[in-house]
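The block underneath contains the structure these notes are about, expressed in structure tokens.
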Amino acid sequence: MVKSIQEVVPRIAFGGDYNPEQWDEKVWLEDAKLMQEAGVNLVSVAIFSWSVIEREEGKFDFSWLDKVLDILHQHGIGVCLATATASPPAWLSKKYPEVLAVQENGVPYQPGSRQHYSPNSKRFRDAVRLIVSKIAARYQDHPALKMWHINNEYGCHLSECYSEESLQAFRKWLHDRYQTIDTLNEKWGTNFWSQRYNEWDEIQFPVNLPTFYNPSQKLDYKRFMNDAIFELYKIEKDILREITPNVPVFTNFMYEFKPLNYFEWSKEMDLVTWDSYPDPREGKPYRHAMHHDLMRSLKNGQPFYLMEQVTSHVNWRDINLTKKPGEMRLWSYSTVARGGDGVMYFQWRQGKAGAEKFHGAMVPHSNDPKSRTFQEVKQLGNELNKLDHLAGSKTNAKAAIIFDWENWWAVELEGKPHNKLSYLNQVYKYYKVFYEHNIAVDFVRPTSDLTNYQLVVAPLLYMIKNGEETHLEQFVSQGGTLLVSFFSGIVNEQDHIHLGGYPAPLRSLLGITVEEFAPMSDDEKNIIVANGELFETKTWSDVIHLEGARPIATFKEDWYKEKPAVTFHRYGQGNSIYIGTDPSESYVNKLLEGLFQQLEITAPVESPANVEVLERVKGDNIYLFILNHNEDSVTISLDNELTYVDCLHEKPISNEVTVGGTDVAILSYS
Ligand code: GLA
């Protein structure tokens, strides 16, 4: 049986990607010693080393990797061993050009960068099988091996392929899904624009078309590519499971990444890991926080690892801003506070050659242990090593936001009433209120178990699939509060309209029907009136008829003025709220604050602005994180009936705590 993550790494993991194949052997020992000094306990090795391990077809050289793993083990550093498949060697595509992914215009990608493979290539899959089996067989008993790091950031650069082999695979995928061509015609609505198919081999990719594509076809292409890349992952996973049934496996996810349905992928992973690169001056810290919360939610709250972040600055933006002193440390604690049991970096040693040589790393080019970067790394590593007891603790959220990848794919397809709608931006808008109020929130799928939540928010849930509405009805009828925003419940899983009056599947739950949509141009606005207060609104208006709900805000202007903009409906033991527009943040804030109050959902402690407060729970122990993103210190009152232990300074504390600017306090109490 596969071991739990806490069994293999019973602590907060600290380390990063380690690419020793880019360095002379004499550096390896120095690396291991510096890692020890920095408190590193886990590194990911061999991610991009296929061309070094298998220099020619079938000829494997593991001598360097043997030495690296031995050195790491001798220094007490565990290894997430990569399967080396992230970037295929040039000899492979020279000999078998069909392994190359093909662009929309029919031109294949070439070696010389990375990830140029087609996930649908049988030849590529065979080559993957071979190298993964060899690596697994060789290192199955190596004591440094803690976990398998499969491939790397699947789909990062390339999540679509238009090769002939991909086309055959697409047709097969469709055949498996629909069985008969008549069913496919019905599911794709092909009587529209004379798109009927008689034979499977008439079907092409939904690209290179004179005008609009068939949205059902496009949606299926997205599903197909997600599945194809997922298959590739599962090929590796199955081999690893067979050879090393006890060793956990993962691949690393990305943020704001649309092509892969991470909820589905997580089911096949023992650990969720992801890579985070917020722009230091973006000024939207809630986004970074939301990515953490989403990652924590993918496996029902099981702690995740932040597999990659940068110490200072990346090299792939136009201008690569550097994190200021203390920021990297503080943001790393935000990771831990939001459920991270691992804080890792790309990468250990800053590269001397190649496209990423200006990307920050734990050891900068200067190789100076006194450098600011290394000193900050070392401080954090040594602090995290004091927090072993925290590993495995969980977040107890009373609220959740529905997030659905298929909905994301569908709602952003072309041909909508408003074609600038961004699913993520709508989700961010609601999430931000939770973030700013320090209210823990999970992300769930429309069909997730909602029994632990009092409040569920469903922004822009355009697609309601396979009876998901029944699940939501149950949640509300049993006492839950559901908030749904505009353009929700409109289509089924094929992107066909749910007939019966918008939003047909949610009509009785919300107690309304929407007769018409009235999207607004970029420079149009309206006002909504709620309890005599005025709030700006933009993007979208619904023309709503009440069917049991009552209005709690109405439009002030335009031809639908005085009609409901926001409605409230009692349904069973609970309440449903519908927002038929895109109101200002101040309104969303006000509405959610009212719900927090009514449902008694509160922050762990009161705090001034820009102070993140979160809790993690393990048995009777509660860990209270107070992260001060301000430059000046803040003093936070604590529950005077409790005694806390300051985990970083290892001393008791009561009544109040002062947290310096860009600093953190972690207090445990029970
Ligand atoms: C990604 C990759 C890494 C590296 C970093 C640079 O996250 O996984 O290999 O390229 O980006 O930011």
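Both backbone and side-chain heavy atoms feed into the values below; hydrogens, waters and symmetry mates do not. Start at 1 and go down the list; that is how both ligands and their atoms are numbered. Just so you know, residue 1 is the first one in the sequence shown, and it goes up from there.
Aromatic ring centres of Tyr139 and Phe62: separated by under 6.0 Å.
A salt bridge links Asp341 with Arg616: the closest approach of a Lys/Arg side-chain nitrogen to an acidic carboxylate oxygen falls below 4.0 angstrom. Between Glu98 and Lys122, no side-chain nitrogen of the basic residue sits less than 4.0 Å from a carboxylate oxygen of the acidic one, so the salt-bridge criterion is not met.
Protein residues lining ligand 1, listed by chain and number: Phe48, Arg114, Asn152, Glu153, Asp275, Tyr277, Glu308, Trp316, Phe346, Glu356, His359 [non-hydrogen atoms, distance under 4.0 Å].
Residues meeting the ring pair (Phe, Tyr, Trp, His ring centres under 6.0 Å) test with Tyr435, sequence neighbours left out: none.
For the residue pair Asn367 and Glu30, a side-chain donor N or O sits within less than 3.5 Å of a side-chain acceptor on the partner.
Only one option out of Phe224, Tyr221, Phe170 pairs with Tyr162 in a ring pair (Phe, Tyr, Trp, His ring centres under 6.0 Å); it is Tyr221.
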